[in-house]
Protein chains: 2
Amino acid sequence: MGDSTQQLDRAFAALADPTRRGLVARLAVSDATVSELAEPYDVSFQAISKHVKVLQDAGLVTRSRDAQRRPVHLNAEALDSMTAWIERYRREAEDRYRRLDALLDRMTDDDQPPTQTKDES
Amino acid sequence: MGDSTQQLDRAFAALADPTRRGLVARLAVSDATVSELAEPYDVSFQAISKHVKVLQDAGLVTRSRDAQRRPVHLNAEALDSMTAWIERYRREAEDRYRRLDALLDRMTDDDQPPTQTKDES
DNA sequence: CATTTATTCAACCCATCGGTTGACAACGAT
DNA sequence: ATCGTTGTCAACCGATGGGTTGAATAAATG
């Protein structure tokens with residue numbers, strides 16, 4: 001098992017927190033420093049710094065350096081890998097339901113036993 | 001903010017665990033009982049039962065009753081709400097980069113100051 | 001009724017998480 | 001060199017999470 005598993009672990013865990021989802025939403029608008037990010041929240045500055053670190057370890061954001069500032073930048077590719085995982089199984093499940101619906105349709109249209117497809121073993 | 005926030009909390013947290021992602025992948029193929037789900041794993045049966053409960057509380061799966069059995073069923077709509085959240089901000093961010101790229105292109109093509117669009121305030 | 005099968009509930013352990021406060025580090029400005 | 005700004009690190013606390021084992025529930029079956 002590669003570390004793509006761990007990366008998904010961290011990415012999903014990161015977005016499980018409403019504060020961190022708020023940070024992501026904010027960063028979708030523009031890059032921002034930790035101080036700017038912390039401003040709307042009622043928690044300590046250090047707490048937001050920790051949250052940003054969690055997002056960073058999950059690969060969801062990157063940092064750069066501009067004098068004392070360390071602007072935070074949203075990494076859209078990491079979001080892609082999450083939707084890729086979800087969509088794969090959602091599609092698989094929906095395809096299955098579609099086949100099942102078609103099967104039931106055939107069974108009610110006429111009482112013939114269904115012909116077996118290669119996907120159903 | 002309604003409990004759609006809490007629901008997202010739970011959904012993302014649910015998929016943050018590799019075992020639970022494995023269960024989702026398995027359930028994309030077909031519904032299954034807890035015993036069937038537990039079989040490939042090296043942990044106790046009760047641990048898998050707990051995992052299924054987490055998925056259920058997150059709205060990712062539903063249960064039905066068939067004699068003693070309680071088959072677990074993947075709820076594709078819950079997966080949809082997750083991708084909806086992610087895609088919203090991914091698209092927002094990508095649109096921004098596209099505008100920035102276009103801006104830089106204009107600035108390097110000729111040295112004219114860029115004309116302000118309605119999206120940049 | 002007693003048993004088997006399928007599943008949950010309860011109590012516990014230890015690790016991790018989100019929050020706090022206080023100290024430290026890096027850099028720009030004076 | 002000192003100061004202010006920006007940010008991280010470290011230690012701690014209470015709550016939550018994933019795991020365990022053991023007991024309890026629910027329903028078919030002898």
Side-chain angles (χ1 to χ4, degrees), chain A residues 1 3 5-27 30-74, chain B residues 1 3 5-27 30-74:
Chain A
M1 53 212 77
D3 76 343
T5 296
Q6 273 198 357
Q7 209 61 17
L8 272 183
D9 287 4
R10 296 200 193 98
F12 280 116
L15 293 193
D17 185 280
T19 301
R20 279 185 307 248
R21 284 201 306 279
L23 297 178
V24 168
R26 165 66 184 78
L27 290 168
S30 76
D31 295 2
T33 66
V34 174
S35 334
E36 289 164 352
L37 290 172
E39 196 271 325
Y41 292 94
D42 204 16
V43 298
S44 75
F45 171 78
Q46 292 97 317
I48 300 296
S49 179
K50 268 194 184 180
H51 279 306
V52 169
K53 184 159 197 326
V54 171
L55 291 171
Q56 185 176 355
D57 291 346
L60 287 168
V61 304
T62 58
R63 318 283 308 261
S64 50
R65 183 163 269 287
D66 166 38
Q68 317 99 311
R69 306 193 160 145
R70 287 173 185 236
V72 185
H73 173 84
L74 183 60
Chain B
M1 48 213 74
D3 73 346
T5 296
Q6 272 197 355
Q7 208 62 15
L8 272 183
D9 287 5
R10 296 201 193 97
F12 279 116
L15 293 193
D17 184 280
T19 301
R20 279 184 308 248
R21 284 202 307 280
L23 297 178
V24 168
R26 165 63 184 81
L27 290 167
S30 77
D31 295 2
T33 67
V34 175
S35 332
E36 289 164 351
L37 289 173
E39 196 271 325
Y41 292 95
D42 203 16
V43 297
S44 75
F45 171 79
Q46 291 97 317
I48 300 296
S49 179
K50 267 194 184 180
H51 279 307
V52 169
K53 183 159 198 324
V54 171
L55 291 171
Q56 185 176 356
D57 291 346
L60 288 168
V61 305
T62 59
R63 317 286 307 262
S64 50
R65 183 164 267 288
D66 166 37
Q68 316 101 309
R69 304 195 159 119
R70 286 174 189 224
V72 185
H73 173 86
L74 184 60

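Just so you know, these numbers come straight off a predicted model, no measurement behind them.
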Q) Rounded to the nearest 0.5 Å, what separation is found between the CD atom of B/Gln6 and the CZ atom of B/Arg10? A) 4.5 Å
Q) Which of residues 52-60 of chain B sit near DNA chain D, with a heavy atom under 4.0 Å from it? A) none
Q. Which heavy-atom pair separates A/Tyr41 from A/Thr19 by the least distance, and what is that distance?
A. OH-O, 3.5 Å
Q: Return each pair, listed once, that meets salt bridge (charged side-chain N to carboxylate O under 4.0 Å, His left out) where at least one residue sits in residues 17-26 of chain A; pairs must be two or more places apart or across chains.
A: A/Arg21-B/Asp9
Q | Residues in side chain to side chain donor-acceptor pair (under 3.5 Å) contact with A/Gln56, at least two apart in sequence or another chain | A | none
**Q.** For B/Ala47, side chain to side chain contact (heavy atoms under 4.5 Å, CB included) partners two or more places apart
**A.** B/Val43, B/Ser44
(Q) Restricting to non-hydrogen atoms, name the atom on A/Leu37 and the atom on A/Val72 that form the minimum distance, rounded to 0.1 Å. (A) CD1-CG2, 4.0 Å
Q: Would you jot down, in residue-number order, the residues of residues 8-21 of chain B having a non-hydrogen atom under 4.0 Å from DNA chain C?
A: none
Q) Rounded to the nearest 0.5 Å, what separation is found between the OG1 atom of A/Thr33 and the CD1 atom of A/Ile48? A) 11.5 Å
Q.
Expressed as a whole number of angstroms, how long is the span from B/Tyr41:OH to D/dG19:P?
A. 11 Å
Q) Among pairs that include at least one residue of residues 42-74 of chain A, which meet ring-ring contact (aromatic ring centres under 6.0 Å, His included), considering only residues two or more places apart or in two chains? A) A/His73-B/Tyr97
Q. Distance check: side-chain N/O of B/His51 vs OP1/OP2 of D/dG19, anything under 4.0 Å?
A. yes
Q.
So if I define the base as every atom that isn't primed, P, OP1 or OP2, how would nucleotides 22-30 of chain D read as a B/S/- string at a heavy-atom cutoff under 4.0 Å?
A. B----BS--
Q) Got a sec? Which of residues 31-39 of chain B come in under 4.0 Å of DNA chain C, heavy atoms? A) B/Thr33, B/Val34, B/Ser35
Q: Tell me, please, the opening and closing nucleotides of DNA chain C, 5' to 3', among those with an atom under 4.0 angstrom from a non-hydrogen atom of chain A.
A: C/dG18 to C/dG28
Q. CD/A/Glu36 to OG/A/Ser30 distance, rounded to the nearest 0.5 angstrom?
A. 7.0 Å
Q: For the helix from C/dC1-D/dG30 to C/dT30-D/dA1, figure out the bend between the end axes, five pairs an end, and round to 10 degrees.
A: 10°
Q) What salt bridge (charged side-chain N to carboxylate O under 4.0 Å, His left out) pairs are there with at least one residue in residues 54-73 of chain B, not counting sequence neighbours? A) B/Lys53-B/Asp57
Q | Non-hydrogen atoms of B/Ala14 and B/Leu55 that approach each other most closely | A | CB-CD2, 4.0 Å
Q | Nearest-0.5 Å distance that lies between atom CG in B/Leu15 and atom CG in B/Leu60 | A | 5.5 Å
Q. Is there a donor on the side chain of B/Lys50 or the base of D/dG19 sitting less than 3.5 Å from an acceptor on the other?
A. yes
